[in-house]
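By convention in this document, chain letters (A, B, ...) are assigned in the order of the sequence lines, proteins followed by strands, and residues within each chain are numbered from 1.
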Amino acid sequence: MAEEIKESLLPESKHFIQAFIEEDIAPGGQYEGKTVHTRFPPEPNGYLHIGHAKAICINFGLAEQYNGLCNLRMDDTNPSKEDVEYVESIQEDIRWLGFDWAERFYFASDYFPKMYELAKELIRKGLAYVCDLTAEETRQMRGTLTEPGVNSPYRKRSVAENLDLFERMKAGEFADGARTLRAKIDMSSGNMNMRDPVIYRILRAHHHRTGNAWCIYPMYDFAHPIEDALECITHSLCSIEFEDHRPLYDWVVDNVTLPSRPRQIEFARLGLNYTVMSKRKLRYLVEENLVDGWDDPRMPTLSGLRRRGYTPLSIRNFISRVGVSKVPNTVDQAFLEFCLREDLNAHARRVMAVTRPLKLTLTNYPEGQSETFMAENNPENPADGQREISFSKHLWIEEEDFMEEPARKYFRLFPGNEVRLKHAYIIKCTGCVKDENGKVIEVLAEYDPQSRGGSAADGRKIKSTIHFVDSATAINAELRLYDRLFTVEDPDAADVSYLETINPHSLEVLNNAKLEASLASAKKGEAFQFLRMGYFTPDLEHSTDDALVFNRAVTLKDSYKPGK
RNA sequence: UGGGAUGUCGCCAAGCGGUAAGGCACGGGACUUUGACUCCCGCAUUCGUAGGUUCAAAUCCUGCCAUCCCAGCCA
C-alpha cells in the first residue's frame, strides 16, 4: 500500500508491539524463522467503527510490515447476536479501508467440530467438567473480587461421566442453560477468569452459518486461542481489556493439542472525544430509528464516515499517527478532522458551491451575455487539470459573503468594497435589495472589465476572494447538513437513555427546507470545496441523486471569526 | 494487603541512566485568486507523588497517590 502522504511525518519510532514481534522473530526468539501471522477477528454483530479501524490497521499493517499475513476471521461463536448483514458490511468496510485478506477469510464456526473434539480432550485430561449449576448459582459460587470462589459440587465428576454428559449436551438432551462445560482451573485465583470458566454453553439459536446443527457453543475464552492456533497465528493482537484473559488464553493453548502457539499482545483501544463507540449504543440508535442506519453520516462507523466524506487514506493516517500504546486515550476529534483535511487538500478536486444562496447581480454586465473561465482543479496538483466555469450577469454567492454593515475586519462584500470572484472578475459592491421584512435578497455590484481572470490591471490588491456559481448553469441539489451527533462531554458516562435527550437539532437535518443550493460541474466521486474555508465531500455514490451529504463540523475549518 | 494494567504539555506520543522528539490544538507573524493551504516563531527547567541509589534519573530502587479493567452460560 502506498503512503501518499508525507511519510516522514508518520511515526518513525517503533511501538511496543513491533518491539515484541522483532524480538520473537529474531534469532533465538519464539518464532525465529517463521512468518508473522496476525488476524482481525470481529464478531459479526454490528458495523465496524473508527475504533475497529485501529485494530484493522494494526493487524493488517503489522503483517504487511513484516512480510507476513493477516487473516480476516468472523468470531461467530454467539449466534444470538450475529447476522450475515454484518459479515458483509465488515468485509466491505475493510476493503474500503484498503486492506486485503486474499483467500484467508475464516469463520470461527468452521472450527466448531474441532473445538468440540478439543473440549473432549480437556475432559479426558481431567481438565474440564460438566457442571449442573444454574447461572445464578455459578455466579454466587464464583466468589467476589476479594473473596475466593467455592468449588462446584460437580467438579469431581469422573472423566467417563463428563464425557457422556458433554456428548449428550451436544446431542440436545438438555435444556438451554441446564449445564455447562467448565475448565477446571482454580476457584481461588485472584484472576476471576481463572475460576473454572465456562467454556461451552447450551444455546438453541439459529446460527447464521451452521443453522441448527449445534445447540452448544464454545465461549470466547476457549474458542479464541484455538482459532488463532489453528490458523497458525503468531501474534494475536487484541485490546487491553483482554489482558487478564491472557492467562486463560495461554492455559488453553498449553493444555490442548494445537498446531502452533500464538502469543497474545494487548494494546489500548481508541477513544475519540464526543463520540459514542459502544456497539450497544450505536445499535440502539439504529434500532430506535434515531439515525438512518449504521451508515448514517452522523455515526462513527466506517460506513458513516465514508458517507461523510472521509477517505480511507485519512483514516489510515489518523490511526498511524495516533500511535500504539497501552495508555487509556481519548483522541481529539480535531485530529481526525485534520487528517481528513490534509488528505483532501492534497487530493481533492475543487469545485465551487454555495449552500445558502444569495443573489448577486452585476449591474454593468450585459444581460444575456456569458463567458467562461478556466480554473485549476487542484492547486496542489496541476496534473489534475482544469475545468471550465461559466459566468454571467446573475450569480449566486454565499449568504454570509455579504454584510450590509460590515463587522470589524470583515473583508468580503459590503457596499463600497471590492472583492474578487474566484477565477473571474473583481467586483465592487454598490448596494443591495431587501424584501418587505428588511432581509437582504439581492446584492448589487459592478464588475471591473479590466480584471478578467481575477487580477487587477493596475495591480491593486484585493483583500478577499469569494466563490460564486452562475445561476444560468448551476445545478440545484438538496444539501443535508448534519451536525455531530454526539456532543456531550463524556458520552460513555451516560446511559443510553441520554440519547433521547440530546439536542434534536443535532439529530435532524439542520436545514430541513430544501436548500436552493447550487453546484457547478459536479461529478461522482469528486470532493467539493466549500467556500474558502475548507472542503465538503459529498459522497454521491452513497446518497440519492439529489442529496449531498456532508458534515459541516468535520469538513469546515472556520477562519473568519466575527468580532475578532 | 483480591488480580491485572496505566500515569511525560489541553489531546495523542517519543524517550529505556547523560541532562524533555514530533503531531493535533492554541497564540503571534509572513505569504496567498479559497480569511484555506504553505511558511516562520512561541508553547513541559519538567516527566503522578515522596524518598533513595548515582558525578548524572522521566529513565534504576522503595513507599504512597490517582485512574482504568475483571465477579456474562457476551466478545
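We find that CZ of A:R195 is positioned 13 Å from C1' of B:rG4, with the value rounded to whole Å. Atom pair A:M194:CE and B:rC69:P shows a separation of 22 Å (rounding to whole Å applied). The distance from atom CD1 of A:I50 to atom P of B:rC12 is 16 Å, rounded to the nearest whole Å. Atoms CD (A:Q264) and P (B:rC69) sit 18 Å apart, rounded to a whole Å. Atom pair A:D332:CG and B:rC12:C1' shows a separation of 8 Å (rounding to whole Å applied). Between the NZ atom of A:K422 and the P atom of B:rA36 there is a distance of 13 Å, rounded to whole Å. The NE2 atom of A:H347 sits 14 Å away from the C1' atom of B:rC37 (whole-angstrom rounding). A:M192 places its CE atom 18 Å from the P atom of B:rA5, with the value rounded to the nearest Å.
Look at B:rU45: it lacks any Watson-Crick or wobble partner with both distances under 3.5 angstrom. Pairing partner, B:rC68: B:rG4, with both Watson-Crick or wobble hydrogen-bond distances short of 3.5 Å. Pairing for B:rU38 is with B:rA30, a Watson-Crick or G-U wobble pair whose two hydrogen-bonding atom distances lie under 3.5 Å. Remark: B:rG22 base-pairs with B:rC12. Criterion, Watson-Crick or G-U wobble with two distances under 3.5 Å.
If you check B:rG15, B:rG10, B:rC37 against the side chain of A:E380, the one that comes closest is B:rC37. Distances were taken from every side-chain heavy atom of A:N345 (C-beta onward) to each of B:rA36, B:rC70, B:rG10; the shortest belongs to B:rA36. Taking every side-chain heavy atom of A:K326 into account, B:rA5 is the closest of B:rG7, B:rC24, B:rA5. Comparing B:rA25, B:rA71, B:rC12 against the side chain of A:V322 picks out B:rC12 as the nearest. Between B:rA5, B:rC24, B:rU32, one nucleotide has an atom nearer to the side chain of A:K461 than all others, and that is B:rU32.
For the C1' atom pair drawn from B:rG29 and B:rA66, the interatomic distance equals 41 Å after rounding to whole Å. Straight-line distance between the P atoms of B:rU6 and B:rC24: roughly 28 Å, to the nearest whole Å. A distance of about 37 Å separates the P atoms of B:rU62 and B:rC73, rounded to the whole Å. Between the P atoms of B:rA20 and B:rC47, the separation comes to 12 Å (whole Å). Using atom P as the reference point in both B:rC68 and B:rA14, the two lie 22 Å apart (nearest Å). Distance check on atom C1': B:rU45 versus B:rA56 gives 16 Å, rounded to whole Å. Nucleotides B:rU19 and B:rA5 are separated by 30 Å at their C1' atoms, to the nearest Å. With both ends at atom P, the span from B:rG18 to B:rC70 equals 38 Å, rounded to whole Å.
Side-chain contact between A:F468 and A:W396 is absent, with no heavy-atom pair separated by less than 4.5 Å. A:H224 is not listed as a side-chain neighbour of A:C238, based on a closest heavy-atom distance of 4.5 Å or more.
Atom CG of A:L362 and atom CD1 of A:I427 lie 6.0 Å apart (nearest 0.5 Å). Atom NE2 of A:H52 sits about 9.0 Å away from atom CZ of A:R269, to the nearest 0.5 Å.
Checking each of A:T465, A:N417, A:D401 against A:R412 for a side-chain hydrogen bond (donor to acceptor under 3.5 Å, both in side chains) leaves exactly one that passes, namely A:D401.
Judged purely by distance below 3.5 Å, without hydrogens or angles, the side chains of A:E85 and A:Y47 pair a donor atom with an acceptor atom. Side-chain contact check for A:Q140 and A:E136: at least one donor-acceptor pair (N or O, by modelled atom type) lies under 3.5 Å.
Under 3.5 Å, the side chain of A:N191 and the base of B:rG4 form no donor-acceptor pair of N or O atoms.
When heavy atoms are screened at a 4.0 angstrom cut-off, A:V324 is found touching the sugar-phosphate backbone but no base atom. Using a 4.0 Å heavy-atom cutoff across all strands shown, A:S80 reaches no nucleic acid atom at all.
For the residue pair A:E266 and A:I240, the shortest heavy atom distance occurs at CB-CA, 3.8 Å.
Qualifying salt bridge (Lys or Arg N to Asp or Glu O under 4.0 Å) partners for A:D244, counting only residues two or more places apart in sequence or in other chains: none.
Within 90° of 0 lies the glycosidic angle of B:rG72, which makes this nucleotide syn.
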Pull out every protein N or O sitting under 3.5 Å from an N or O of nucleotides 73-75 of chain B, one pair per line with the distance.
residue : atom : partner : partner atom : Å
B:rC73  : OP1  : A:R142  : NH2          : 3.2
B:rC73  : OP2  : A:R142  : NH1          : 3.2
B:rC73  : N3   : A:G177  : O            : 3.0
B:rC73  : N4   : A:L133  : O            : 2.6
B:rC73  : N4   : A:A135  : N            : 2.9
B:rC73  : N4   : A:G177  : O            : 3.0
B:rC74  : OP2  : A:R201  : NE           : 3.2
B:rC74  : OP2  : A:R201  : NH2          : 3.2
B:rC74  : O3'  : A:R201  : NH2          : 3.1
B:rC74  : O2'  : A:N78   : ND2          : 2.9
B:rC74  : O2'  : A:K81   : NZ           : 3.1
B:rA75  : OP1  : A:T77   : OG1          : 2.8
B:rA75  : OP1  : A:R201  : NH1          : 3.2
B:rA75  : OP1  : A:R201  : NH2          : 2.9
B:rA75  : OP2  : A:Y220  : N            : 2.9
B:rA75  : O3'  : A:D75   : OD2          : 2.7
B:rA75  : N6   : A:H245  : NE2          : 3.3

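Within the structure, every side-chain polar atom (N or O) of A:T144 is placed at least 4.0 Å from both OP1 and OP2 of B:rA71.
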